[in-house]
Amino acid sequence: MDKKEIEFEFERATKNTYRFQEKASGNPAIGTLYVQKSVFGDKEPKKVKVTVEWE
């Protein structure tokens with residue numbers, strides 16, 4: 001199984017989501033990521049890391 005970890009930095013808050021931008025030099029794998037605010041509870045995140053796995 002292969003996997004890749006991708007880091008994102010907080011960009012801005014929207015009505016119900018937080019928007020993150022991928023920290024990538026060159027071609028981004030995902031680009032922009034939206035995550036529901038409810039995932040984080042009362043905390044506003046500064047960065048997130050996503051792991052993509054494939055077989």
Side-chain angles (χ1 to χ4, degrees):
M1 181 178 302
D2 294 321
K3 73 178 180 178
K4 179 176 179 111
E5 288 188 347
I6 305 167
E7 293 187 12
F8 294 83
E9 290 185 339
F10 175 80
E11 188 173 39
R12 66 185 168 104
T14 65
K15 183 178 178 183
N16 295 312
T17 64
Y18 289 120
R19 177 177 163 151
F20 297 89
Q21 189 62 43
E22 182 175 347
K23 289 175 41 176
S25 56
N27 293 334
I30 295 174
T32 303
L33 176 70
Y34 289 86
V35 181
Q36 295 295 313
K37 286 181 176 180
S38 60
V39 170
F40 300 102
D42 294 334
K43 297 180 181 178
E44 184 176 280
K46 300 297 179 207
K47 58 175 112 172
V48 295
K49 187 184 297 184
V50 173
T51 302
V52 179
E53 296 182 359
W54 65 94
E55 294 182 19

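Side chains included, hydrogens not; waters and symmetry mates left out as well; all remaining heavy atoms used. For clarity, every value in this text was computed on a predicted model and none was experimentally measured.
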Is it true that the NZ or CZ of Lys47 lies under 6.0 Å from the centre of Phe20's six-membered ring and within 45 degrees of the ring axis? no

Side chains of Val35 and Phe8: does their closest heavy-atom pair fall under 4.5 Å? no

List in chain and number order the residues that pass side-chain hydrogen bond (donor to acceptor under 3.5 Å, both in side chains) with Ser38, two or more places apart in sequence or in another chain; answer none if no residue qualifies. none

Separation between CZ (Arg19) and CD (Glu11), nearest 0.5 Å, reads 4.0 Å

Distance (rounded to the nearest 0.5 Å) between Gln21 CD and Phe10 CZ: 12.5 Å

Using side-chain hydrogen bond (donor to acceptor under 3.5 Å, both in side chains) as the criterion, list what pairs up with Glu9, not counting sequence neighbours. none

Taking Phe40 as the starting point, is it possible to reach Ile6 by hopping between hydrophobic residues whose side chains are less than 4.5 Å apart? yes

Distance, nearest 0.5 Å, that separates NZ of Lys37 from CD of Glu44: 7.5 Å

Find out if a path of hydrophobic residues (ILVMFWY) with successive side-chain heavy-atom gaps under 4.5 Å connects Ile30 to Val48. yes

Could you verify whether a donor N or O on one side chain and an acceptor N or O on the other, from Glu22 and Thr32, lie under 3.5 Å apart? no

Given the rule that I, L, V, M, F, W and Y join up when any side-chain heavy atoms are under 4.5 Å apart, are Leu33 and Val39 in one cluster? yes

Do Thr51 and Glu5 touch side chain to side chain, with heavy atoms closer than 4.5 Å? yes

